[in-house]
2 protein chains.
Amino acid sequence: MEKVLVKSLYRECERYADQDVCISGWIRTLRSSKAFGFIEINDGSFFKNVQVVFEDNLENFKEVEKLAISSSLTIEGKLVLTPGSKQPFEIKATKIVIEGESSSDYPLQKKRHTFEYLRTIAHLRPRSNAFSAVFRVRSLVAYAIHSFFNERGFVYTHTPIITGSDAEGAGEMFQVTTMDLNNIPMTEDKKIDYKKDFFGKETNLTVSGQLAAECYALAFRNVYTFGPTFRAENSNTARHAAEFWMVEPEIAFADLQDDMELAEDMIKYIINYVLENAPEEMEFFNSFVDKGLLERLQHVASSDFGRVTYTEAVEILQKADKEFQYPVSWGCDLQTEHERYLTEEVFKKPVFVTDYPKEIKAFYMRLNDDGKTVAATDLLVPGIGEIIGGSQREERYDVLLDRIKELGLKEEDYWWYLELRKFGGTKHSGFGLGFERMIMYVTGMSNIRDVIPFPRTTGTAEF
Amino acid sequence: MEKVLVKSLYRECERYADQDVCISGWIRTLRSSKAFGFIEINDGSFFKNVQVVFEDNLENFKEVEKLAISSSLTIEGKLVLTPGSKQPFEIKATKIVIEGESSSDYPLQKKRHTFEYLRTIAHLRPRSNAFSAVFRVRSLVAYAIHSFFNERGFVYTHTPIITGSDAEGAGEMFQVTTMDLNNIPMTEDKKIDYKKDFFGKETNLTVSGQLAAECYALAFRNVYTFGPTFRAENSNTARHAAEFWMVEPEIAFADLQDDMELAEDMIKYIINYVLENAPEEMEFFNSFVDKGLLERLQHVASSDFGRVTYTEAVEILQKADKEFQYPVSWGCDLQTEHERYLTEEVFKKPVFVTDYPKEIKAFYMRLNDDGKTVAATDLLVPGIGEIIGGSQREERYDVLLDRIKELGLKEEDYWWYLELRKFGGTKHSGFGLGFERMIMYVTGMSNIRDVIPFPRTTGTAEF
C-alpha cells in the first residue's frame with residue numbers, strides 16, 4: 001500500500017479517490033462514541049489535518065479511542081471524497097497502528113495558549129497551528145531567497161562566523177574562547193595572553209558578513225551571504241535577538257540605484273513566493289494573527305516602492321501635522337515613529353530613504369559629492385519600519401582611508417579591505433536584510449521570539 | 001546598449017552575434033603591440049574569460065595598453081563569432097572605460113601560485129581560476145542541497161548556533177561570553193558567576209543541530225538543518241576546520257533503511273546537479289586538480305551504493321591481504337585506512353557500513369535487538385573515507401533514559417529531548433553531511449582550507 005504524505009493527498013485528492021492509502025502522523029483531536037470515532041491527524045507535511053473515521057470493527061478500537069492528543073499513528077484506509085463538507089476528503093480506516101502514545105499531561109492541549117507560554121515549550125510548539133505555519137513559512141522564505149539569487153547567477157558565499165577582525169565595528173560582540181576562565185593565561189606584563197587562545201588572538205562572533213562579501217563581489221560580481229549574525233546588545237524588545245540570520249547581497253559594477261532595484265525585486269519575489277506556496281498558512285495568519293495582512297502584502301507586491309532623500313524626508317516630517325516623541329532636525333537619526341509615519345501615512349507603501357548624513361552612517365559608505373551625505377539607503381515598510389539597510393560602498397582608496405583615519409579606526413585592521421580598492425576596485429553596492437524581520441513582516445507575528453525556533457535573547461538560551 | 005553578463009554571452013552567443021554589447025569585468029591578461037591589443041576579461045559570472053580586441057582608434061588606447069592585471073573595465077563593443085578558434089566569440093571594443101586601476105604589485109600575477117600562498121591572500125584568491133571554480137561549485141552544491149530537500153517538502157530549520165545545553169556532547173566546544181575576562185564576576189564561593197553572563201548561564205557554540213532538529217521532525221515529519229557548526233579540536237590536518245557547515249536531515253516515521261536511501265539520493269542529486277550546472281569548472285578540476293574526478297563522480301552517480309554491517313566489515317578487513325597500521329578487531333573504531341580500503345578496494349564505490357557496536361557510537365542511537373549494536377551508519381566514499389554519519393534515533397523512552405544514565409549523562413539536561421519520546425514519539429532517523437567534505441569530494445581539492453572562503457583552524461582566524 002502506498003505510503004503517502006498528507007500534502008500529496010490534498011494536492012491530488014481526485015487521484016487517490018476510493019484508493020487505499022497509508023499515512024502516518026500525530027493526533028490533533030480525537031472524539032468517539034460507542035461504535036465509531038473521528039481523528040484529526042496531522043503529519044507535518046501540510047498545514048491542514050486529515051479526518052480519519054474509524055469503527056469498532058478495528059481490532060484495537062478500544063485502545064485507539066482512548067489515545068491522548070499527539071499520539072503518533074500509522075493508518076491504512078480508503079480515501080473517500082466528501083464533496084460539500086468542510087474537508088474535501090476523509091479516510092475510512094481499515095487498520096491503525098499506534099506508533100507512540102502520548103499522555104494526558106501533554107502540554108499542548110486543544111485550548112488556546114499564549115505565545116508566551118508556548119515559548120517555554122519551544123520543543124513542542126511547532127506542533128501547534130500558529131507555529132507550524134510560522135516555521136513552514138520561515139523555511140519557504142529561506143528557499144525563496146536562495147532561488148531569487150540563484151536564478152540571477154549570484155554566488156552564495158559563506159562568510160566567517162568567528163572573526164578575528166575588529167573591523168566590522170557594529171555594535172556589541174560576543175567573545176569566543178577556549179581559554180579556561182578559571183585560569184586565564186597571562187603575559188609577563190599582566191595582560192591576557194591571547195596567543196594561548198585557540199586562534200592565537202582575540203576572536204568574536206560576526207555582526208555582519210559584508211566586508212568579507214565585498215572580497216567575493218570583486219571576484220564574482222554578484223554574491224550574497226545568508227547566515228547567522230550576532231549582537232550582544234542588552235535590548236529586551238520584541239524586535240531584537242542576540243542571534244539572527246541576515247541576507248547580505250553585494251553587487252559589483254552597481255550603484256545605489258541598482259542596489260535599490262535589487263532590494264525591491266527581492267522583497268516582491270519573496271512575497272509572491274510565499275503567497276503562492278503557502279496559501280493555507282497565509283490565510284491562517286490573515287484570519288488569526290494580523291487581519292489585513294494579505295491585502296497589505298498584495299499591495300506591496302504590486303506597488304512601485306517610493307524614493308525620498310533623507311533631506312526631503314526631514315522636511316516632510318518637520319511639516320507634518322503630528323506630534324512626535326523625538327523632534328526631527330537635519331542630522332538626527334530617524335526613529336521608528338518617523339520611519340513608520342513616512343511609510344504608513346505619507347507614502348502608504350514601502351519607501352527607500354536615501355543619502356543620509358555621513359555622521360550617522362558607517363565608514364564604508366560612499367561619500368556623495370556634497371561632502372555631507374553618503375550613498376546609503378534604508379527601506380521602510382508599513383507595520384515594521386526599517387527592514388533593509390544598504391549603501392554604495394566607498395571604492396576610492398584615498399577617500400576610504402581618510403574616513404578610516406577620521407573615525408579613529410586602525411588602518412592596519414583594514415589592510416585587505418583597502419587592497420580591494422587598490423587592485424581593480426570598482427563601484428559596488430550591497431544591503432542587509434534581517435531575515436527574522438522579513439518573517440515577521442510576511443506572517444504578521446509581532447515578537448521576534450516567535451519566528452526563531454529556539455530564540456537567544458538577553459538572559460535566555462534555553463534548549 | 002545592453003549591459004550583459006559574460007555567462008549570458010557564452011550561453012547565447014548566437015543571439016548576440018554582430019550586436020553591440022556592454023560588459024564589465026577584471027583584466028586577467030593583456031598584451032598589445034603598436035596598433036592593437038588583446039584583453040582576456042573575466043566578470044565573475046562565468047568561469048571562462050572573454051577575449052576583447054582593441055585598436056589604436058580608441059581615444060585612451062595608450063592608457064589601456066598599460067593597464068595592470070586585475071584592473072576593472074567597462075567595455076562596449078561588437079560581439080563577433082569566431083568559429084574554429086578556441087573561443088566561440090570575441091568582442092571588438094569601441095569604447096573602454098577604466099573603472100579602477102590595479103598595479104604592478106598585484107599579488108595574483110599570471111604565474112602559478114601554490115595553494116599555501118593563496119591562503120595568505122584569501123581576499124583575492126577567488127579571482128584565480130582554481131578558487132573561482134571552487135567557490136562557484138560550493139555555491140552550487142549549497143543550492144542543490146536546498147533544492148533537493150525543498151522538492152521533497154522538507155522544512156528548513158535554523159537550529160541555534162549559541163547553545164546553553166551541554167547535551168550535544170560531541171567534542172570540544174568554544175565558549176561564548178560577554179564577561180570582561182579581566183574582571184570575571186565571581187560568586188561568594190569563588191566560582192565564576194555565570195548568572196552575570198549575557199545569557200545568565202554558560203554558553204557554547206553548537207557542534208550539531210541534531211537534537212533540536214529532532215523536535216522539528218516530530219512536528220513537520222521531514223526537516224533539515226544547514227548551518228555552521230564548530231569544533232575546538234586541536235587537530236591541524238587537511239580535513240579539520242574549527243568552523244564548518246553541516247547538513248542534517250531528520251525524518252520521522254523512518255528507519256535506518258529510509259535514512260540510507262535518503263542519503264544515497266541526496267549524494268547522487270548533488271553530483272548530478274554540479275555536473276550539469278558547472279561543466280566548465282568540473283572540466284577544470286578534472287584536468288588540473290584531480291585527474292579521474294569526472295569518471296569517479298559519474299560512476300558514483302550511477303552505482304547502487306554498497307551495504308555491509310560493521311561485523312561483516314571487520315571480517316573482511318581481518319581477512320584482507322593487506323597490512324594495516326591499526327589492527328582490526330570487533331569493537332574497535334574503523335580508521336581512515338580501513339574505511340578507504342573497504343570503499344576503494346573491496347566495494348569500489350560508496351558503501352554504507354551499518355550496525356556499529358554501541359560503545360563507539362552516541363547515546364541517542366537506537367539499540368538493536370542484539371543488545372550489542374546500534375542502528376547507525378557511516379557512508380564511506382572512495383578518495384575520502386567517511387562523508388556521512390547517521391542513525392535511527394532511540395525512540396523508546398526507557399531505553400534512552402537507561403543509556404543516558406549508563407553513560408553518566410545528566411537526565412535533567414535532556415528533559416525536553418526525553419519528552420519527545422513521551423508525547424507521541426515515533427521511529428525517526430537522520431544523518432549529518434559535512435558540507436566541506438562534500439565540496440572536497442566533488443572538486444578533488446585535498447585541503448579543507450581551500451574550500452572555505454576564510455577558513456578558521458587552530459591558530460588561524462585571519463580576515
Side-chain angles (χ1 to χ4, degrees), chain A residues 7 24 26 43-45 70-72 99-100 102 106 123 126-127 135-136 139 142-143 146 150 153 155-162 164-165 174-178 181 184 192 198-200 203 212 215-216 219-221 228 232 243 245 253 416 423-426 453-454 456 459-463, chain B residues 5 7 24 26 43-45 70-72 99-100 102 106 123 126-127 135-136 139 142-143 146 150 153 155-162 164-165 174-178 181 184 192 198-200 203 212 215-216 219-221 228 232 243 245 253 416 423-426 453-454 456 459-461 463:
Chain A
K7 182 174 183 176
S24 296
W26 293 270
D43 82 342
S45 72
S70 202
S71 300
S72 58
E99 299 269 350
S102 181
Y106 177 62
H123 61 311
R127 305 181 188 191
F135 291 112
R136 195 188 316 278
S139 171
Y143 191 71
H146 285 300
N150 188 64
V155 170
Y156 178 30
T157 303
H158 288 132
T159 50
I161 308 301
I162 298 174
S165 138
F174 289 101
Q175 186 167 356
V176 174
T177 182
T178 55
L181 300 195
I184 294 180
I192 295 171
F198 188 89
F199 295 107
T203 52
C215 302
Y216 272 64
F220 287 113
R221 183 165 183 157
E243 174 181 323
W245 285 60
F253 304 104
W416 52 274
F423 301 124
T426 181
F454 301 96
R456 271 75 183 97
T460 310
E462 299 310 308
F463 300 96
Chain B
L5 295 179
K7 182 175 182 176
S24 296
W26 293 270
D43 81 341
S45 73
S70 202
S71 300
S72 58
E99 299 267 350
S102 182
Y106 178 61
H123 60 311
R127 305 181 188 191
F135 292 112
R136 194 188 318 278
S139 171
Y143 191 70
H146 285 301
N150 188 64
V155 170
Y156 178 31
T157 303
H158 288 132
T159 51
I161 308 300
I162 299 173
S165 137
F174 288 101
Q175 186 166 356
V176 174
T177 182
T178 55
L181 300 195
I184 294 180
I192 295 171
F198 189 89
F199 295 107
T203 52
C215 302
Y216 272 64
F220 288 112
R221 184 164 182 157
E243 174 180 324
W245 286 60
F253 303 105
W416 52 274
F423 300 125
T426 181
F454 300 96
R456 272 75 182 98
T460 309
F463 301 96

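Note that the structure is predicted; figures quoted are calculated from it, not measured. Note that these values count all heavy atoms, side chains included, but never hydrogens, waters or copies made by symmetry. Every chain is numbered from 1, with letters handed out A, B, ... down the list of sequences.
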**Q** Is a donor on one side and an acceptor on the other found under 3.5 Å between the side chain of B:R127 and the backbone of B:S70?
**A** no
**Q** Where on A:Y143 is there a heavy atom nearer than 4.5 Å to chain B: the side chain, the backbone, both, or neither?
**A** side chain
**Q** Checking A:F198 against B:F174 for the ring pair (Phe, Tyr, Trp, His ring centres under 6.0 Å) test, could you report, in this order, the C-alpha distance in whole Å, the side-chain angles of both residues, the deciding distance, and whether it holds?
**A** CA-CA 9 Å; A:F198 188 89; B:F174 288 101; 4.9 Å; yes
**Q** Is the A:W416 ring parallel, tilted or perpendicular to the B:F454 ring (thresholds 30°, 60°)?
**A** tilted
**Q** If I measure from the heavy atoms of chain B, does A:E243 come under 4.5 Å with its side chain, its backbone, both, or neither?
**A** side chain
**Q** Give a yes or no answer on whether the side chain of A:R456 reaches the backbone of B:F199 with a donor-acceptor pair at less than 3.5 Å.
**A** no
**Q** Go through the atoms of A:T177 and report whether side chain, backbone, both or neither lie under 4.5 Å from a heavy atom of chain B.
**A** both
**Q** What part of A:T157 lies closer than 4.5 angstrom to a heavy atom of chain B: side chain, backbone, both or neither?
**A** side chain
**Q** Given a strict heavy-atom distance threshold of 4.5 Å, which part of B:S45 is in contact with chain A: side chain, backbone, both, or neither?
**A** backbone
**Q** Tell me, for A:I184 versus chain B, whether the close heavy atoms (under 4.5 Å) come from the side chain, the backbone, both or neither.
**A** side chain
**Q** B:A212, B:G200, B:G153: which one forms the most heavy-atom pairs within less than 4.5 Å of chain A?
**A** B:A212
**Q** If you define the side chain from C-beta out and look only at heavy atoms, does anything of A:S72 sit under 4.5 Å from B:F253?
**A** yes
**Q** Of all of B:L5, B:D43, B:T203, which one pairs up most often with chain A through heavy atoms under 4.5 Å apart?
**A** B:D43
**Q** Flag the pair A:P453 / A:F463 as yes when at least one side-chain heavy-atom distance between them is below 4.5 Å, and no otherwise.
**A** no
**Q** Just give me the residue among B:V155, B:N150, B:V176 that pairs up with chain A most often, heavy atom to heavy atom, under 4.5 Å.
**A** B:N150
**Q** Are the side chains of A:S24 and B:T426 in contact, using a 4.5 Å heavy-atom criterion?
**A** no
**Q** Looking at every non-hydrogen atom in both residues, tell me the closest pair between B:Y156 and A:S139 and how far apart they are.
**A** N-OG, 2.8 Å
**Q** Contact part of B:P228 toward chain A, heavy-atom cut-off under 4.5 Å: side chain, backbone, both or neither?
**A** side chain
**Q** Sort out for me which of B:E99, B:K7, B:H158 touches chain A most, counting heavy-atom pairs under 4.5 Å.
**A** B:H158
**Q** Among B:T460, B:I162, B:T178, who wins on heavy-atom pairs under 4.5 Å with chain A?
**A** B:I162
**Q** Taking every non-hydrogen pair under 4.5 Å, which of A:G44, A:G424, A:G100, A:A219 racks up the most with chain B?
**A** A:G424
**Q** Please report the interatomic distance CD(A:Q175) to CG(B:L181), rounded to the nearest 0.5 Å.
**A** 4.5 Å
